[in-house]
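I have a structure I would like to understand better, so I am pasting it below and will then ask my questions one at a time.
Atoms considered below: every heavy atom in the structure, side chains included; atoms not considered: hydrogens, waters and symmetry mates. Not measured: the values here are computed from a predicted model.
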Amino acid sequence: GNGAAGGIATGGFEWNALVIVIILGWLFVPIYIRAGVVTMPEYLKKRFGGNRIRVYLSVLSLFLYIFTKISADMFSGAIFIREALGLNIYVAVVILLSITALYTVTGGLAAVIYTDTLQTVIMVVGSFILMGYAFDAVGGYEAMREKYMHAITSQTFDPVLNISADCYTPRSDAFHLLR
């Protein structure tokens, strides 16, 4: 994937995105508060007048969110349930949607905020535990760096695709954040 091809610099991209989002928050939140609005479509309606731009941006955001974020979240959750419980992937998606709809409808936005917070804590703690197990399994950070440089796939030939060695050979500067 992108992490293997780009090395640790991919993580640097994510950290920079965090900083930029905070800066944008500092810039735009005061504007939204002064305007007395909460959402971007609401702000655009107030700024430019008319209802068309608000409806257009709302519908566009909804479709983009459904086809990019929600579908990926549902698929990854369904894969996990399929692997953990052995359920059919479509049944797993229906179960995920039902549970999400149930707590969203009954608890409202507050329930969504609390569940997101709880899930974030679980994922961060789980990530650190998994990182500990992974480093232990490979022999520590330095051993991971050494083994990564020798990690080359054994499937390098495909009769349909022309696979270049650049696609599967780790770069010598893979662990350098600034290249």
Side-chain angles (χ1 to χ4, degrees), residues 1-47 53-54 56-81 83-84 93 96-97 99-100 103-104 107-138 140-149 151 166-168 170-179:
N2 197 20
I8 200 164
T10 305
F13 173 78
E14 295 298 328
W15 281 107
N16 288 333
L18 174 71
V19 172
I20 295 299
V21 166
I22 290 172
I23 291 171
L24 287 174
W26 281 331
L27 289 174
F28 286 106
V29 167
I31 295 170
Y32 280 16
I33 290 173
R34 258 183 281 137
V37 296
V38 179
T39 65
M40 175 64 92
E42 203 177 359
Y43 174 75
L44 290 175
K45 179 183 179 192
K46 204 169 214 183
R47 171 77 171 86
I53 193 157
R54 184 181 67 85
Y56 171 73
L57 188 61
S58 298
V59 170
L60 179 68
S61 298
L62 183 64
F63 277 117
L64 289 174
Y65 197 76
I66 287 172
F67 290 117
T68 58
K69 178 136 177 57
I70 293 176
S71 59
D73 288 349
M74 285 293 125
F75 181 70
S76 59
I79 293 288
F80 175 77
I81 290 174
E83 295 298 319
V93 167
L96 281 174
L97 287 173
I99 292 171
T100 306
Y103 77 72
T104 302
L109 186 58
V112 173
I113 292 170
Y114 288 130
T115 5
D116 282 354
T117 304
L118 177 65
Q119 289 171 356
T120 300
V121 170
I122 290 170
M123 286 190 293
V124 168
V125 169
S127 296
F128 278 107
I129 292 170
L130 181 62
M131 181 182 67
Y133 280 123
F135 280 147
D136 184 53
V138 297
Y141 181 74
E142 289 303 321
M144 186 264 311
R145 285 183 62 139
E146 179 66 30
K147 290 177 181 177
Y148 175 79
M149 291 312 211
D166 293 338
C167 294
Y168 59 83
R171 293 173 49 154
S172 59
D173 62 351
F175 286 92
H176 296 186
L177 207 53
L178 303 172
R179 298 180 186 182

Completion exercise
OH (Y65) and CG (L60) are apart, to the nearest 0.5 Å, by 14.5 Å
Problem - Pairwise distance CD1(I122) to CD1(I129) - rounded to 0.5 angstrom - result: 11.0 Å
Problem - R145, CZ atom: more than 12 neighbouring heavy atoms under 6.0 Å - result: yes
Problem - Worked check of side-chain contact (heavy atoms from CB on, under 4.5 Å) between Y56 and L44 - result: CA-CA 11 Å; Y56 171 73; L44 290 175; over 6 Å; no
Practice task
For A35 and Y43, work out which heavy atoms get closest and say how close.
Solution key: CB-CD1, 4.2 Å
Exercise for the section: Determine, stepwise, if the pair I31 / R34 fulfils side-chain contact (heavy atoms from CB on, under 4.5 Å). Expected result: CA-CA 5 Å; I31 295 170; R34 258 183 281 137; 4.2 Å; yes
Exercise for the section: Take atom CZ of F135 as the centre, draw a 6.0 Å sphere, and report whether it contains more than 12 heavy atoms from other residues, nucleotides or ligands. Expected result: yes
Exercise for the section: Evaluate the ring planes of F63 and F67, with Trp represented by its six-membered ring, and classify them as parallel (under 30°), tilted (30 to 60°) or perpendicular (over 60°). Expected result: parallel
Problem - Nearest-0.5 Å distance that lies between atom CE in M74 and atom CD1 in I81 - result: 9.0 Å
Practice task
Apply side-chain contact (heavy atoms from CB on, under 4.5 Å) to the pair F75 and V93, showing each step before the final yes or no.
Solution key: CA-CA 7 Å; F75 181 70; V93 167; over 6 Å; no
Handout entry: Atom pair CZ/CG of F80 and L96 - distance to nearest 0.5 Å
Key = 10.5 Å
Practice task
Nearest 0.5 Å please: distance from the CD1 atom of I99 over to the OG1 atom of T115.
Solution key: 11.5 Å
Practice task
Keeping the roles fixed (side chain from K46, backbone from V37), state whether a donor-acceptor pair exists under 3.5 Å.
Solution key: no
Fill in the blank from the handout: CZ (R54) and CE (M40) are apart, to the nearest 0.5 Å, by 14.5 Å
